[in-house]
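Data block below; observations after.
What you see below is based on every heavy atom in this structure, not just the backbone, and it leaves out hydrogens, waters and symmetry mates.
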Amino acid sequence: MILKDKTVIVTGASSGIGAASTRLFAQEGANVVIGARRETRLRDLADDISGSGGRVAYLAGDVRDEAFARALVALAKDRFGGLHAAMNNAGTTGPAVPIPELSADDWHAVLDTNLTSAFYGARYQVPAILESGGGSVVFTSSFVGQTVGLPGMGAYAAAKAGLVGLAQVLAVEHGAQGLRANTLMPGGTMTEMAGDDAGFHEFVRGLHALKRMAAPEEIAEAALFLISDRGSFVTGTSLYADGGNSVCKT
């Protein structure tokens with residue numbers, strides 16, 4: 001129970017890595033505050049967690065809305081008395097088109113969902129975490145835009161790369177106050193975002209030294225390390241849970 005008596009916010013919690021991380025954090029004793037757009041999915045997840053004895057609160061909303069970030073922190077304080085950690089996990093890939101064909105609206109939609117939402121989250125999460133004596137903020141980034149440039153993913157790569165810089169600056173600004181900030185770099189993971197194209201999955205598997213894609217639960221274990229005190233001396237860095245993607249050239 002390495003998160004016992006800790007309160008953790010997870011965005012993008014309705015499926016994939018977010019849902020798997022939420023379940024794991026709850027199993028490890030955390031009070032979890034979960035947010036996503038799909039209220040039915042959130043309610044079902046919350047029912048599962050509370051049915052297993054966990055403590056959970058949920059709020060549906062759009063991470064592109066600054067008021068939603070503020071409301072999640074307020075919910076954590078009201079329901080559980082404070083906030084100790086956050087996993088800013090919401091994301092979208094956007095249209096798979098070359099940069100010259102990508103509309104400005106689609107560019108902004110991808111950056112707002114992946115990067116601006118993380119800024120909104122940090123604006124309200126960091127002061128609340130410091131009020132609780134310190135803790136951890138994690139941003140789910142990607143190997144795309146770091147070690148691999150995939151065609152048709154320019155906006156996604158730019159947004160995910162931006163999270164690395166955001167975490168580094170937060171780590172420097174607030175490290176002395178007890179805040180740790182890191183990015184989590186998953187490899188290809190079998191989530192809804194990965195789609196159901198078997199040919200694409202085969203291509204992605206080949207990018208990894210392990211020659212397979214991850215289960216969301218495997219990425220959640222890496223998130224747990226960063227969120228918990230097991231990563232107490234880890235800040236301002238990017239943790240690659242990428243199946244060897246970053247070193248694979250075959």
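Using a distance-only test at 3.5 Å, with no hydrogens or angles considered, a donor-acceptor pair links the side chain of S141 to the main chain of K160. Of the possible donor and acceptor atoms, none in the side chain of N182 sits under 3.5 Å from a partner among the backbone N and O of V137. At least one donor-acceptor pair closer than 3.5 Å links the side chain of H84 to the backbone N or O of T7. Side-chain atoms of E28 come within 3.5 Å of backbone N or O of I2 as a donor-acceptor pair. Panel note: side chain S132, backbone G134; no donor-acceptor pair is recorded below 3.5 Å. Using modelled atom types, one side-chain atom of R180 and one backbone atom of L226 make a donor-acceptor pair closer than 3.5 Å. Side-chain atoms of S246 never come within 3.5 Å of backbone atoms of D242 as a donor-acceptor pair (strictly under, hydrogens ignored). A donor-acceptor pair under 3.5 Å links the side-chain atoms of N114 to the main chain of V110, judged by distance alone. In this structure, T189 contributes its side chain and G187 its backbone to a donor-acceptor pair below 3.5 Å. In this structure a side-chain-to-backbone donor-acceptor pair under 3.5 Å is missing from N89 to T140.
Nearest heavy-atom pair across G199 and D197 is N-OD1, 2.9 Å. The two atoms that bring A222 and L239 nearest to each other are O-CD2, 3.8 Å, heavy atoms only. Of all heavy-atom pairs spanning C248 and G206, the tightest one is SG-O, 4.1 Å. Here the closest heavy-atom approach between residue G145 and residue A157 is recorded as CA-CB, 3.6 Å. Closest of all the heavy-atom pairs between I219 and A214 is CD1-CB, 3.9 Å. Pairing each heavy atom of I34 with each of L72, the nearest pair is O-CD2, 4.2 Å.
Under the salt bridge (Lys or Arg N to Asp or Glu O under 4.0 Å) criterion, the residue pairs touching residues 76-101 are K77-E131, with sequence neighbours excluded. Within the structure, ring-ring contact (aromatic ring centres under 6.0 Å, His included) pairs that include any residue of residues 189-225 comprise F143-H208 (at least two apart or interchain). Pairs of residues two or more places apart, or lying in two chains, that qualify as side chain to side chain donor-acceptor pair (under 3.5 Å) and include a residue from residues 225-239 are T183-S238.
For S14, the side chain to side chain donor-acceptor pair (under 3.5 Å) partners are R38, not counting sequence neighbours. For the side chain to side chain donor-acceptor pair (under 3.5 Å) test, no residue two or more places apart in sequence or in another chain qualifies with S50.
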Could you list the donor-acceptor pairs under 3.5 angstrom formed between side-chain atoms of residues 116-123 and any protein atom two or more places apart in sequence or on another chain?
unit_1, atom_1, unit_2, atom_2, d
T116, OG1, D112, OD1, 3.3
S117, OG, T113, O, 2.6
R123, NH1, E66, OE2, 2.4

Going through the distances and angles, do R212 and E218 end up as a salt bridge (Lys or Arg N to Asp or Glu O under 4.0 Å)? CA-CA 12 Å; R212 66 176 179 87; E218 293 178 287; 2.8 Å; yes

Determine, step by step, whether M185 and S142 satisfy the side chain to side chain contact (heavy atoms under 4.5 Å, CB included) criterion, reporting the C-alpha distance in whole Å, the side-chain angles of both residues, the deciding distance to 0.1 Å, and the verdict. CA-CA 5 Å; M185 316 294 278; S142 174; over 6 Å; no

Working note: L24 + E221, criterion side chain to side chain contact (heavy atoms under 4.5 Å, CB included); need CA distance, chi angles, decisive distance, verdict. CA-CA 8 Å; L24 181 59; E221 293 286 353; 3.8 Å; yes

Dump the intermediate steps for side chain to side chain contact (heavy atoms under 4.5 Å, CB included) on M213 and R205, then the final yes or no. CA-CA 6 Å; M213 295 175 69; R205 286 194 291 270; 3.7 Å; yes

Do L3 and L224 pass the side chain to side chain contact (heavy atoms under 4.5 Å, CB included) test, and can you show the C-alpha distance, the side-chain angles, and the key distance before you say yes or no? CA-CA 9 Å; L3 294 178; L224 176 63; 3.6 Å; yes

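Side-chain heavy atoms closer than 4.5 Å link hydrophobic residues (I, L, V, M, F, W, Y) into clusters, and following such links, possibly through other members, connects I129 to L170. A continuous path of ILVMFWY side-chain contacts below 4.5 Å connects V73 to F68, so both sit in one hydrophobic cluster. Linking ILVMFWY residues whenever their side-chain heavy atoms come closer than 4.5 Å, directly or via other members, leaves L166 and V164 in distinct clusters. Under the 4.5 Å side-chain heavy-atom criterion for Ile, Leu, Val, Met, Phe, Trp and Tyr, F139 and V10 are members of distinct hydrophobic clusters. Tracing side-chain contacts under 4.5 Å through hydrophobic residues (I, L, V, M, F, W, Y), one reaches V63 starting from L163; they form part of the same cluster.
The closest side-chain heavy-atom distance from V33 to L59 is not below 4.5 Å. In this structure, Q27 and I49 have side chains that are not in contact, with every pair of non-hydrogen atoms separated by 4.5 Å or more. The closest side-chain heavy-atom distance from Y156 to T93 is below 4.5 Å. Annotation: side chain of Y240 is not in contact with side chain of L184 (no heavy-atom distance under 4.5 Å). In this structure, the side chains of L45 and D47 stay at 4.5 Å or more apart for every pair of heavy atoms. In this structure, the side chains of F25 and M87 come closer than 4.5 Å at one or more pairs of heavy atoms. Inter-residue side-chain proximity for R55 and V32 is flagged as unmet; no heavy-atom pair is nearer than 4.5 Å. Residues Q125 and L83 are in side-chain contact: their nearest non-hydrogen atoms beyond the backbone lie under 4.5 Å apart.
Applying the 6.0 Å contact sphere to CZ of R37 captures no more than 12 heavy atoms from other residues, nucleotides or ligands.
If you take CG on L210 and CG on L207, they are separated by 12.5 Å, rounding to the nearest 0.5 Å.
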